[in-house]
Each structure stands twice: as C-alpha cells, then as structure tokens.
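Each chain gets a letter, A, B and so on, in the order its sequence line appears, and its residues count up from 1.
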Amino acid sequence: MLRPKLYSGRLQAGEPALSNAYDAARIEQRWQRHWDEHHTFAALNPGEPGFDPAQPKYYVLDMFPYPSGSGLHVGHAVGYVGTDIVARRKRMEGCNVLHPMGWDAFGLPAEQYAIQTGAQPSEATRVNTDNFRRQLKKIGLSYDWARELNTSDPRYYKWTQWIFKRLFEKGLAYQAEVPVWWCEELKTVLANEEVINGRSERGNHPCVRRPLKQWMLKITAYAERLLEDLEHIDWPESIKIQQREWIGRSEGAEIAFEVEGTNERLVVFTTRPDTLWGATFMVLAPEHKLLARVPSAQRAAVESYVAQAASKSELERTELSKEKSGVFTGLFAHNPAFEPGDARGRIPIWVADYVLISYGTGAIMSVPGHDQRDFEFARKFGLEVREVVKPPSNEKGLADGVCFTGEGTALNSGPIDGLATAQAKRRAIELLESRGVGQARVTYKLRDWLFSRQRYWGEPFPLLHLDDGSIVAVDDSALPVELPPMEDFKPSADGSAPLARAQGWVRTTHQGRSARRDTDTMPGWAGSCWYWLRFMDPSNAQAPWSRAAEHYWGPVDLYVGGAAHAVMHLLYARFWHKVLFDLGLVHTNEPFQRLFNQGLITAFAYQDATGRLVASDEVESRGNNFVRRATGEPLEQIVTKMAKSLKNVVNPDDVIAEYGADTLRLYESFMGPLADSKPWNPRDITGCARFLERSWRLIVDPESGDAVRPQLRVDQGARALEGDTLELEKQLQRAIARIDESFKQFNFNTAIAALMSFLNEASKRHAALSRSQAERYVLVLSPFAPHMCEELWSRLGYTRSLARERWPAVEPEFLVDDTLEIVVQVAGKLRGKVAVPKDADQAAVEAAAKPAVASWLEGKSVVKVVLVPGRLINFIVK
RNA sequence: GGGGAAGUGGCGGAAUCGGCAGACGCAGCGGACUUAAAAUCCGCAGACCCAACAGGUCGUGAGGGUUCGAGUCCCUCCUUCCCCA
C-alpha cells in the first residue's frame, strides 16, 4: 500500500482545489476523467505486460443494449449499476475483472428508426451509440472501454459471418420453404413481432402467412444437449423451466397410416400410441402437402378453407376455447391397428387449422375419446368417439359425458387390452415396430431457427449462388462480406430483399465462374450469439478470439439481464456456444455459468376518470391523493412499465443533473432487491442524496478548510478500541457482514440500510470514530458511490485510486455480544424481554425469564418450556 | 391459451433454520436552530379499544391446516405484473 500523504485538494498540478462542501458534479467529473486517463479498469489479457496468471479472473457481463434512438432510461441502468457494484468489489477482492460493454446494433428497430428519420442506419446507429456511451459513462460504470464492440461494425460481423460459415459447413444451416408473414398493403415481409393478431403493427393492415425460401439453423439437432446441460449451470430455476418448456421434449411414437387410393403413407406423431385403437379420423394442417391429392369433389371447399386459415395466427388457430373449424378432404386412411379390410380401420381425413404444420409431422391421428380438442372436433362434426382407456375409478369418463385424457387401463384395444397406460404404450410400440408401421420417437416443440430476413440492416450471408444452382461459402480470406451502402434500403414491393437491388454488389465471381451473392441478411439475434467471446479478445484481427484469452476468461462467471430474454437469446447463445465447443473453439460447453435476472423498473402513471393518461409533470399530490394541477381533477395513480406513450420515462441524465451519479446509483440499489420489479419514486431519491451528504460530513468538516476532520488525519495515532470506539467497531463489523451477505442475492438495499444504520450511530458518537473505521467505511461504500469515495480516499491521504484496495475483512469476534436479549413468551405470546449472558444454560434463562412474566404465570402451571438458544423462551401453561 | 414472478404500514421495502413483524428510507407529525423560511439536528409514528396512563385486542391478499409458535411450511381460492405464441 502506498503511504498516505496530506491532501492538497488537488489531484493534479494546476487543478483547482475543491471546497469542503460536497459537490457531486465536480467530484464526479474529476474521477471519471481520472479513471479514463489512468485506464483504471483495464483488464489484462494473458501475455500482456503486467498480467499475473496467479490472479483469479472474474468475468461479469451485462446483456448488451440495443442502442435505440430514445436513449437509456433508469430501468436499463439498474442492471448495469448492479453488475458494476459486483465488478468493483471483485477488484477489491484481488480479482482480474473483465467487465465490458458494447452494442447490439443490427436489427429492425434501427432500420425503422432510420427510415422514419430519413437517415442511414449506420449513421443513426453511430449517433445512438454515442449517446448511450455518454450516458453510461456519466453513471460512472467501471467498464474496460477499450473492449467496446459494435455488432454492426465490419470488424465484428466479419467473425459473425465466419462462425456462420462453420455452421454452414457442419450442415447446420439449410434453406427451406417456410410460412412467413406477408402484408399485401405494405408489400413486405414482416417479422413475428411486427404482426399482432394477424394485422401489421404499423398501419393495422391485414397480413397472411405465405411460404418463402428462408435460411434455417438446425438448433433442433442440439435439443437434447440444450435440455440436459441445464442441469449443470447456476441459473434461476424459473428460467430453466422456461427453457425446458420451450424445448418441449416428448416421448411417443411415429405411426404410418396408408392413404386409400394412393401410394402415400401419412405419418403422425403421438405421445399416446396406446390410444391407436381409438383413432377414428385424422386431421391435416392446412399447409400439408397431402392436400394436393384431394379429390375434385372436395377441392373447392378445401381450398377456400386453407385460404381462410392462412390469415390466422397460431394463437388464434390453437386456442382451446375457440370454436373448432375444419373440412372433410374426401380422403380416407387405414388405421394400422386393424387388419386390412376391417371397416373399423377405415377413417376419414379432415383438414383443420388447430393442427400446425410446424409441429410434429403436420398431421395427427385423432382420438376423440381421450383428447380434448379431438373430442370437441368430433362432437361438432358428428364423428365417431370410441373409448379405449378406462379411467381410474375416481375419475369421470365418456360414460359421464367427459373426455378423459389421463392414464388408465386399455380397453377395446385388442392385444393391449387390460394393460395400464405406461405398459400399453410400450406394447403398442412393439407391435407397430414388428409390423414396420411405426417406431418409438422423441420429438421436441423446439423448431429450427428461421435465420434470414429480407431486410437491409443485418449481417449479409457469406454465401454465393452459382449458375448451376449450387451454393458455396465465400473464402475466409474474403470476409467480411460488407453491407453495401444503399440510398434506398426499404424492403421491396415483391418481398425480395433490398440487397437484391444492389446489382453491383450482388454480381461477383467465384473461382472464375460468375456468381450471385445471397441477398438475405441475418436476424437481429445473430450478433448477440457470441459477443461474450469477442469481449475476451476484441481487437484480434487474425481470429475471433485467441485460444489463450478464451481459456483464461471463459466461461462468463455472472451474466445479468432482464428475464425478457429467458428463452430466445439465451437459447440461441447456448446453441452457438455448443457448436463452437464441438469445433474445439471454446473449452466450456456452456457460455454463462451464473445467470441473474434483474427486475423491471416500473413507474407511476396517472389516469383521469376516463382512463386517459396524464403526464407526470402535470400531476400534483394532495396528501395521499393525486390531482391534475391545472384543474384539481382527481387522478388515479397506477404502476406500469416505463414507456414514452405512458409519459413516465425517467432519464438518468436528469437524475444525475439534479443529484449526481452516486445518488442515482445508490437509489437504484436501495429501491429493493435487484431481482424484484419495483416502481421508481422520485420522492424517495432525496433519502439517498441525504445519506451521501451525511457520509461526506462524517469525514469532512464543511465549515473548516481541512481535508478531513482532525481526528482522521494521517498523523493521528491509532485509537484504542474501547468505549464508544469499540461500540462503533462492532457496528461497523456488523454492517460489513451484512454488506458481504447482500452480494449473494444482489439485495444491495440491505447493504445500504446497514451502511445507513452505521452512519446513524457514527454521527451520534462522532468524536469516537477512528481513522481506521473511516477508511473502512469509505472502502465498503465505494462500490455503491465510487466517485465520492475516491474523493474521500484521496482526502484521507492516498494518492492512488481505491479501485484495487483490499476489501475489509469481517472479524467474527466483533459480531457476538456478551449479553443477549431473550424474548419471553407465555403460551406463544410475547410478554416480556430479559437480558442474559451469552453462555447461559436453560436453567439460567428460565430463572431470569420467570420474574419478567410473573403476572402471566400466576395461577397457572407450566407444562412445557421451549428454549431457542440466544433468541427466545416460551412457557406453555395450562 | 401456455409459462414465469409477486401480494407485508400512506409509499419503497426488512425479517438465515418456522422464533420480538414493520429494520433502513420516503412521505407525515412534534420540537430545536432561525426575524422567517429552506437546509440541518433531535424525537414520534401499523390499525383498533380506552379520556389518558397502564394495559389489551387485531394485524403480512382471502379461507382452511400442521406446530408450543407461521410473513415463512401444506391445501384451496383471489388479485397484480412480466414473457411467449
């Protein structure tokens, strides 16, 4: 440790000295500049000068933001403040901390923003990232800014393309005709999130799903591993459940039905092969290709039904409560449970939109006796219902007019009659396998990932189409395939990609042959599928990252972001990481060891009697009620998420301008546990501002010109631990213990409450505070309010940043008291309190407690005594 | 529709293992300082009964249960928020 010097009030020669009042703006500006100039938060990579391989690493990562045009609000910041507190403390625990930040800059919103403002997406992105960076820096976040990255930078997406090539080479990328949303009015392909209830989000025009050739990534090939490996990572159980649910593994059988009058076999998947004997009809999805074989008599009816279904979303189609619709196709199938020629096996084939082409095989065998939707469908269209599972005696079945979907005993099912459902399934599969008409199969709800967009602002595919129809990847040496500048980058009227119009860019050659570039671009998720790896080695021009850097930094130790990304981003990221693991490019098979979800910051919004929203600055509080300032009209206060449309967005810039960044950070942490959703209440911020002021005054006397209060000066000798100083020592140790505890679940509100309690005590016994205590107070407060603490640290005489000072250790002997206060209960009710020595035995506690509750014991006999050591004694009386 | 999270004073929230409910902060009230106000400092503060003290009763979304003892565990129900389709 450097020897403390007397504080001059200046950090650098020529800088004006600060006054003794707490001036957040000046202090914050000074220290942010200091951190920048001294690269205080730079993380060293293996091989760099000064790198110490013995130092433990800690990689703490935020979900990087999408730099929108509206800037950062305090809800984004809460997670960043949380990880920053962790990063700062880890540094003080001696870790080499990787804490980077970057921009997820490709994607639809940036493109739409650019279209609206008439700017180029690249330019809009530059402006927005500049604004985000400025905002983040003002909060005093300890990022290693030298590692900043931007997914729309060719130096970054070169490697996104490079990784895509590896997927392509492994056969994990393929093209397929899949239904995508098409809006006739807007003449464009829309993404799922742009379509609400079958209408375009903008303009509210009707949309239909129509098949288009798209790039797909075979994430289903990793379904089993994505499921299994959830066991080995430290993630919230709720997120794991959501991922498991999304992957949706189900065991069952695939069964082939002969289609009458054709050579076709209709293959279906079922989780209940034991109910095959109850299959009385079949249903095809409206997109099923067997519909081409519909006999002419039914063709018109089927085609009109299919057209109708195309305009519905999957939600509308599959909703259980909804009235079932469907049309008979005129085709019949043979149920393989029955001998050929057995009339019971001849079953009609229908088409209905509650069956989805994208799930299973796009066709089902319908067992109306034991499936709710099939049951409703059969009732509506008068189809046969056959009971093949006998419910357990306490459950209702078909005899009671109820469709029984649970497990029971097989009946009316020939060879499997009398078997319990589990065995019946197994036996049914054996029978099907032996006859070559079916087999056991596992399916997943997870579908392959639609990976292309007919949009401009994304990574171009590094692929070439040759004249013979074959597709080849461009050479690694030709990467990146840069996005060509385009004046007009709007989607084309025929649904083709905008890049198709960049003729000079599309036409190229491959080994002397003419070739066309692929004109689709990757979806918004692509760049975020590997960015944590690039942060490890962000300026490597030879490779996406070096082996040494990945070996040292991987995996991410703590990943923090909103639960909104529970499924999509986290599943895609895990998928890519596993592919990279299989290629030997990373050494762990999971990217994020610990995941933590921050809660949503909500805000108050105000509604008048008609439900109309009133901007917060037009609202006045009267006691516990709220009124419109201009009219006095009563308003209702509601809590919702922050949104422009609700007129309740809070910008951190404004909070910093009024109170300073340290107060913002403190309030964000003090509001409640990081995981909880909680409302922003501007009224509460003052408590945090006051706390900082009082902390400052604990150490600095604003009335004097001294750097610190005289008793805290360097030249003061150590103070004996006795009297009030000893009492403060216990309080401080206790506070530090509570702070340490708060880092387990990130409930920093309790850490700050502990600091406040200590401050209250220390203010009362001001003269007893020792220099050592003041130093430790500054150190443990510093992750929360780093600027002020740096300033105090330098006033205490240190010339170097406190960023890597040692975190104070808790000495357990200060945490225990010699006497304990014991609660005395009679019959479970609190009746008194008594102080006993900490090592008192039961008899001693009883003896001490009885007089305290004598009036409650009078005339009663004690039948039992319950003693909780150190806490409570309970007399049970009769 | 499916999935997830959560219900504690006027508000945000606290409370290892089941053991003093309401720490800490905001707002509120009272006092000190001040010509006055702001700021600051000190104090009070869940609801109810009681003139008041003393004292008591109720109280963690609702109802039941387990237990000497339940905010915490179990069952049933209600409400809110978030996500996906």
What nucleic acid atoms does [X] come within less than 4.0 Å of, heavy atoms only: base, sugar-phosphate, or nothing?
X: A:Ile241; answer: sugar-phosphate
X: A:Thr602; answer: nothing
X: A:Trp696; answer: nothing

Syn if the chi torsion is within 90° of 0, anti otherwise; quick check, which is B:G9?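 B:G9: syn glycosidic orientation.
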If anything within 90° of 0 is syn and all else is anti, what is B:C48?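 Because its glycosidic torsion lies more than 90° from 0, B:C48 adopts the anti conformation.
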Let's go through A:Val650 and A:His73 carefully: what are the C-alpha distance in whole Å and the side-chain angles of both, what is the deciding distance for side-chain contact (heavy atoms from CB on, under 4.5 Å) to 0.1 Å, and is it a yes or a no? CA-CA 6 Å; A:Val650 181; A:His73 67 58; 5.8 Å; no
[M] and [N], which share atom name [atom1], separated by this distance in whole Å:
N: B:C42; M: B:G25; atom1: P; answer: 11 Å
N: B:C17; M: B:C74; atom1: P; answer: 14 Å
N: B:G69; M: B:G19; atom1: P; answer: 14 Å
N: B:A6; M: B:G56; atom1: P; answer: 37 Å

Close side-chain approach of A:Ile233 and A:Phe592, heavy atoms under 4.5 Å: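 Counting from C-beta outward, A:Ile233 and A:Phe592 never come under 4.5 Å.
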Measure the shortest side-chain to side-chain distance between A:Phe746 and A:Val560 over non-hydrogen atoms and say whether it is less than 4.5 angstrom.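 No, every pair of side-chain atoms sits at 4.5 Å or beyond.
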[X] side-chain N/O to [N] phosphate OP1/OP2 under 4.0 Å:
X: A:Asn760; N: B:A23; result: no
X: A:Arg694; N: B:C41; result: yes
X: A:Arg683; N: B:G25; result: no
X: A:Lys240; N: B:G3; result: no

Any N or O donor-acceptor pair under 3.5 Å from the base of B:C20 to the side chain of A:Lys833?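 Under the 3.5 Å cut-off, the side chain and the base do form a donor-acceptor pair.
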Within the 6.0 Å centroid threshold, strictly below: A:Tyr667 and A:Trp680: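 When the ring centroids of A:Tyr667 and A:Trp680 are compared, they turn out to be within the sub-6.0 Å range.
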For nucleotides 13-19 of chain B, give me one character per nucleotide, 5' to 3': B if any protein heavy atom sits under 4.0 Å from the base, S if the only such contacts are to the sugar-phosphate, - if neither. SS----B
Does any nucleotide pair with [N] by Watson-Crick or G-U wobble geometry, both distances under 3.5 Å, and what is it?
N: B:A36; result: none
N: B:C24; result: B:G12
N: B:G1; result: B:C84
N: B:C58; result: B:G46
N: B:U79; result: B:A6

What distance separates A:Ile239 CD1 from A:Asn597 CG, expressed to the nearest 0.5 Å?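 The distance works out to 4.0 Å.
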Straight-line distance of A:Leu872 CG to A:Gln825 CD, nearest 0.5 Å: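 The CG atom of A:Leu872 sits 4.5 Å away from the CD atom of A:Gln825.
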Look at the side chain of A:Trp246 and decide which nucleotide, out of B:A23, B:C84, B:C68, has an atom nearest to it.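 Nearest to the side-chain atoms of A:Trp246, counting from C-beta on, is B:C84.
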By nearest atom, which of the nucleotides B:G25, B:G3, B:U40 is closest to the A:Arg690 side chain?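 Nucleotide nearest to A:Arg690's side chain: B:U40.
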Polar contact flag, side-chain donor to acceptor under 3.5 angstrom, A:Tyr777-A:Ser695: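 Distance-only check passes for A:Tyr777 and A:Ser695.
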Side chain of A:Lys864, backbone of A:Asn874: donor and acceptor closer than 3.5 Å?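 Checked: no pair found.
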